[in-house]
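Nothing here was measured: the structure is a model prediction, and the numbers come from that model. Convention: sequence-line order gives letters A, B, ...; per-chain numbering from 1. Excluded from the calculations below are hydrogen atoms, water molecules and symmetry mates; all remaining heavy atoms, backbone and side chain alike, are included.
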Number of protein chains: 2
Amino acid sequence: MKQVTKHVIRNDLKRLFTYRLCLIGFKRKGFDRIYSYNLGEEAGVTAEQVRKDFSVFKIKGNKKSGYKINDLLHAINEIFKYQHNQHVIVVGMGNIGKALVQYKRFILRKMVIVASFDIDPSKQSKRFGIPVMPMEMMGEIIKKFHVKVAILAVPDISAQDTANILVDQGITGILNFAPVILKVPDDIIVSNINLCDELESVIYYTQKVM
Amino acid sequence: MKQVTKHVIRNDLKRLFTYRLCLIGFKRKGFDRIYSYNLGEEAGVTAEQVRKDFSVFKIKGNKKSGYKINDLLHAINEIFKYQHNQHVIVVGMGNIGKALVQYKRFILRKMVIVASFDIDPSKQSKRFGIPVMPMEMMGEIIKKFHVKVAILAVPDISAQDTANILVDQGITGILNFAPVILKVPDDIIVSNINLCDELESVIYYTQKVM
DNA sequence: AATTTATTGTGAAACAAGTCACAAAACATG
DNA sequence: CATGTTTTGTGACTTGTTTCACAATAAATT
Ligand SMILES: NC(=O)c1ccc[n+]([C@@H]2O[C@H](COP(=O)([O-])OP(=O)(O)OC[C@H]3O[C@@H](n4cnc5c(N)ncnc54)[C@H](O)[C@@H]3O)[C@@H](O)[C@H]2O)c1
Ligand SMILES: NC(=O)c1ccc[n+]([C@@H]2O[C@H](COP(=O)([O-])OP(=O)(O)OC[C@H]3O[C@@H](n4cnc5c(N)ncnc54)[C@H](O)[C@@H]3O)[C@@H](O)[C@H]2O)c1
């Protein structure tokens, strides 16, 4: 048992997501082809970085006339293709859990929240488009939908216990909103979202002259 | 006008936040002093990394008997001290905005959401502990509370326009939840939270063998 | 068809981050 | 109080990432 803190989202992957976002924007504006410096400008990185990233992922452009936006989008989607229509569960249907299950964009990105869980029976009666179930049903749902990834949105104090349950039930990836460093086996992926840290660093940088 | 995408939260700062979190945990468990390898183990980094980080921030320990937890916490807090009781606003009181204004931990970390804003008059009547105001009142509130940082939680389509308003009104730091690369002047800090990207990378890594 | 121009693709160079290795200091022990 | 043990603090080294520089080449122009 050892926690995984090593930043789970590699920088080049993160940039790939950013490129996709920008490309969709360019496409919407009517563009068809794009140069590395356009995309770099938009994504906030250098043109060389863009080309190098594409090079790493074996994405090819056309000398002199740049990249076809559709090809790029297709190539980027191909990198993530196998994971389309992944089923995800949410544990803890409080403020943040409720917001997440109602977030439409997950569906656009082919990530489907199939069920949510809460220990509080009063939450179980309410519905937000998807069922809110008692914890005991988790095993069944995980099996039925082949769920591998869970969003953890329970109070900090319960986060470790709940993570243990998730791992026992066969979950291998956790998007964790609790400000807690989870102890999980080496082969479990944990990505921590710590909004306090994020807000505090924005404040930090607004105060510092850089 | 150029957007800031360079990851706003430096890795060593991020680790400092993690150390703080772990130290609070150790303290709660009754520990008084700690060695770099204990803290590293807990935070998921090497002991050398811990010492190097402290060294960079001029935090000193005691050879042979390690670091006093209270001293460490004090030193880390000192680094962020000047920003205590920073006032923050939230723009867009939908699902995610509502969750955030009710998040207790911001207060624990001395970050105070003083007001929120929404164009929808029906949202303006509701209260979640703090007032939900029409956009026109933003200038007044920013001045009154010397607000520098805003949390942006409006729909993607309105994000750029709203960011422009924020910058015009004197905001210099934005925590942006919309999946949009904001174009802002160079001296404005933007930190993007993209939950789709985060979830998609967790899925990516659970599928890849590493 | 030759020449010019613009852009990709990628090794090499520069830079940044992380790890190693060990001297220096603090404490414990006999 | 000398000796042994442990842990810090940091300079040197290693590894990883980004930028630079330019050859290769596709398209445009003459
Ligand atoms: N609200 C926010 O904006 C926000 C922001 C960032 C992080 N977080 C973190 O996300 C987590 C949830 O925050 P929240 O504001 O939604 O809290 P909340 O109190 O509103 O919701 C927590 C939910 O978890 C359920 N729960 C409690 N123990 C459980 C258990 N053992 N198993 C299953 N369900 C359980 C509760 O019934 C409740 O519905 C916390 O760790 C918090 O620190 C919240
Ligand atoms: N819901 C989530 O879990 C979630 C997760 C990640 C990111 N996001 C992002 O956060 C943003 C908000 O998401 P949401 O789910 O809360 O949406 P929502 O539709 O529930 O809320 C948006 C709110 O913004 C208000 N608004 C619209 N235009 C505005 C404007 N020009 N100025 C001020 N207020 C305006 C609306 O009245 C509404 O109250 C979106 O960009 C979304 O992509 C949401």
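- Among the protein residues, B/K52 comes within range of the nucleic acid bases, having at least one heavy atom under 4.0 Å from a base atom.
- No hydrogens or angles considered: nothing links the side chains of B/N38 and B/E42 as a donor-acceptor pair under 3.5 Å.
- No engagement by A/F54 is indicated, since no non-hydrogen atom pair under 4.0 Å with the nucleic acid exists.
- Residue A/Y35 has no polar side-chain atom (N or O) positioned under 4.0 Å from OP1 or OP2 of D/dA26.
- What separates NZ of A/K60 from C1' of D/dA24 is a distance of 12 Å, to the nearest Å.
- Separating the CZ atom of B/R51 from the C1' atom of D/dG11 is a distance of 13 Å, rounded to the nearest angstrom.
- Rounded to an integer number of Å, the gap from B/K68 NZ to D/dT8 C1' is 16 Å.
- Applying the salt bridge (Lys or Arg N to Asp or Glu O under 4.0 Å) test to pairs two or more places apart or on separate chains, those with a residue in residues 69-79 of chain A are A/E78-A/K81.
- The nucleotide range of DNA chain C contacted by chain B, defined by atoms under 4.0 angstrom from heavy atoms of the protein and reported 5' to 3', is C/dG18 to C/dC27.
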Listing, residues 57-69 of chain A side-chain donor-acceptor contacts under 3.5 Å, not counting sequence neighbours, or none:
from: A/N62; atom 1: OD1; to: A/S65; atom 2: OG; distance (Å): 3.1

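- Residues A/D12 and B/I34 each lie close to DNA chain D; by heavy-atom proximity, the contact nearer the 5' end of the strand is made by B/I34.
- At least one side-chain nitrogen or oxygen of B/Y37 sits closer than 4.0 Å to the OP1 or OP2 atom of D/dT7.
- When the C1' atom of D/dG9 is taken as reference, atom NZ of B/K64 falls 17 Å away, rounded to whole Å.
- Residue contacts shown for B/E48 include a base, since a base heavy atom lies under 4.0 Å away.
- In this structure, B/R33 places its CZ atom 12 Å from P of D/dT7, rounding to the nearest Å.
- Side-chain N/O atoms of B/K63 and base N/O atoms of D/dT6 include no donor-acceptor pair closer than 3.5 Å.
- Contact check, A/N11 against D/dT17: no side-chain N or O comes under 4.0 Å of OP1 or OP2.
- Within 4.0 Å (heavy atoms only), B/R15 reaches sugar-phosphate atoms of the nucleic acid but no base atom.
- B/K29 forms a cation-pi arrangement with B/F26, by the criterion of a distance under 6.0 Å to the ring centre and an angle within 45° of the ring axis.
- The shortest distance between the side-chain N/O atoms of A/Q49 and the OP1/OP2 oxygens of D/dT19 is below 4.0 Å.
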Worksheet entry | side chain to side chain contact (heavy atoms under 4.5 Å, CB included) assessment of A/S116 paired with A/F128 | CA-CA 10 Å; A/S116 65; A/F128 308 91; 5.9 Å; no
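- Within a 6.0 Å sphere centred on CG of A/L108, other residues, nucleotides and ligands contribute more than 12 heavy atoms.
- A distance-only check finds a donor-acceptor pair linking the side chain of B/N176 to the backbone of B/A178 [under 3.5 Å].
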